[in-house]
Amino acid sequence: MSSSAADPAPSPSQTRAPGAPDAADAPPSGPTGPSRSEDPRRGRAKRRPGDMIFTGLSVGSGLIIFLTLALVAIFLTVRSLPAIRDSREFGGGADAVSLWEFTAPLVFGTVFAAVLALVMAVPVSIGIALFISHFAPRRLATPLGFMIDLLAAVPSVVFGLWGGVWLVPKMQGLYELLNTYLGWIPLFAGPEPEPPMRNLATASIVLAVMILPIITAVSREVFLQTPRLQEEAALALGATRWETIRTVVLPFGRAGVVSASMLGLGRALGETMAVLMVLSPGSSFSLHILEVGQHNTIAANIASQSAEATPDVMARLIFTGLVLFIITFIINALARAIVARSARA
Amino acid sequence: MAQAINVEDLNIFYGDFLAVEDVTVTLQPRSVTALIGPSGCGKSTFLRTLNRMHEVIPGAYAQGKVEIEGQDIYAPGVDPVNVRRRVGMVFQKPNPFPTMSIRDNVLAGVKLNNKRLSRSSADELVESSLRGANLWEEVKDRLDKPGMGLSGGQQQRLCIARAIAVKPEVILMDEPCSALDPISTLAIEDLIHEMKQDFTIVIVTHNMQQASRVSDRTGFFTISGTGKPGHLIEIDETEKMFTNPTEKQTEDYISGRFG
Ligand SMILES: Nc1ncnc2c1ncn2[C@@H]1O[C@H](COP(=O)(O)OP(=O)(O)OP(=O)(O)O)[C@@H](O)[C@H]1O
Ligand SMILES: [Mg+2]
């Protein structure tokens, strides 16, 4: 629309015909007649109603996001205040429930499960993403990419079902092997695993499968954006495909992979259904991921308890929610810091 | 170490599209051959078949023979990776590796070839390559700074240093000065002049003064129309090509540009 307005017009009457909607759009741009033909130049500086509406809309949406976030934070804080007030630590008396003993193992379980999932998912995701972006023939790469996107859309309850019904019995053999031969690693130590294998290891595997698609999809996008000229520079020096990836593609994609991983971590931290349906809960700081009934996560705990919670239990649950909220915030801030730093390097 | 390149009946394709047809030519060792011709006639395409970079484009392939040191680089069983280690390339736009320091950029190709390199021999190689590219004096105090921090002309010379560090036999240059100012261009032309002692150099250029300044021989490519394949019309001593070419097409092109 600006192109028609920007055309230098020989006569005002000619300008007005195509420019009529413009004139209607911009009532303050002056009356009719000769001044219309000069309008485009000065009109640039004027605020067009379209721009103003759009600015208003985008500022408004930004405010709404900010407001929602603030409301959630306020809700979590206000509603968890009773739990803090009544806790043993903050003056609820010696026989009151300890907020620390309630929350800390949950935080431990949440972070532990998410980190394990991330450790498993990231290398596999990078591998798949590289395969799609650099190794697979195009005929294979496109459907593969499509399937990854589909996998990202599978509801978590389906993953939970799959994990709880199919994966749990399948894992027994592997876990026994790990426990017997790699038992000197703290992760696999502990008593011989007892079926059903509803332990943190299985839960983390399910979480890893769940966050795989998002990490893969984002990494693939980043790898595909590697400048062609950079890749050709490496190839022309006699780099093999893998060497090209190592010298050009991975360094270029590093920041993107980090932020993809953080997206995945965020999802793993907050995942509820899958964990709830796979993990048999416990409340310890155990490092033994093969042991059943040792761990639980904040989100799964809230989901399993909130239906029949008394007001004071509810306050405690909301307090754990607040903690999860803060953890997610910190993870996001960290991710941004890492991305910003590697962007500068 | 400089080697002649024998090209025989070379046809170059992008998928079904025949881009360059039937090139037969010998490129002399220890000399500079310039390739000129109108846009789209296949100069870059031809150049990239000399180090098998053409085929990295999906669907692109070449038929025919390209012999370097008597060995056909398109023979079955020849690994393009090894060909590219013997035939270096400098691109139109400077493309140092953005995540690497100046030093690491120079060493990038060598590290691919043989991973182990003692600190002192690496230092020596960095210095000799940068000297070879006339860049040493300008960067010797900041070898650990990123290569992207250099000016465009310096970046291009860094790319030349990176290419000569692996001691190739042939160096291909595709319009290496087209993104540079006249001073940097002169610096690189001088460099090309010195480098021909050691390498066989093939350079694509749109600048005919440049071709006449730097090259010993000049080849003229053209196409008869869009969608038609490009042909090598004539190749001869640069002097003769610019004063008294055999083919009328060459004369028209050259005089059209000069007149
Ligand atoms: N990646 C590609 N895929 C398909 N066709 C291509 C590709 N690159 C080049 N071509 C075609 O091949 C022909 C030769 O192109 P080429 O780039 O070799 O010309 P050129 O002589 O280098 O031109 P210029 O002087 O503009 O660089 C042109 O018709 C071009 O459209
Ligand atoms: Mg070209």
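Letters A, B, ... mirror the listed sequences (proteins, then strands); counts begin at 1.
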Legend entry - By side chain to side chain donor-acceptor pair (under 3.5 Å) - contacts of T240(A) (at least two apart): E243(A)
Which heavy-atom pair separates [X] from [Y] by the least distance, and what is that distance?
X      : Y       : value
M89(B) : A236(A) : CB-CB, 4.0 Å
V81(B) : A239(A) : CG2-O, 4.0 Å
R84(B) : L235(A) : CD-O, 3.1 Å
N95(B) : A233(A) : ND2-CB, 3.2 Å

Inset, instruction - With a 4.5 Å heavy-atom cut-off (strictly below), which parts of residues 114-138 of chain A touch chain B? List them by number. - result: R138(A)
Inset, instruction - Considering only heavy atoms, give the residues of residues 221-229 of chain A separated from chain B by less than 4.5 Å, sorted numerically, with 'none' for an empty result. - result: R228(A), L229(A)
Legend entry - Between CG on residue L237(A) and NZ on residue K111(B), distance to nearest 0.5 Å: 12.5 Å
Inset, instruction - Indicate yes or no: at least one non-hydrogen side-chain atom of F252(A) is less than 4.5 angstrom from one of T99(B). - result: no
Non-hydrogen atoms of chain A under 4.5 Å away: do they reach the side chain of [X], the backbone, both or neither?
X       : value
V87(B)  : backbone
R162(B) : both
P58(B)  : side chain
F91(B)  : side chain

Legend entry - Contact origin within E232(A) toward chain B - heavy atom pairs under 4.5 Å: both
Legend entry - All ring-ring contact (aromatic ring centres under 6.0 Å, His included) counterparts of F325(A), not counting sequence neighbours: F329(A)
Inset, instruction - Can you establish whether the number of heavy atoms outside R336(A) located under 6.0 Å from its atom CZ is more than 12? - result: no
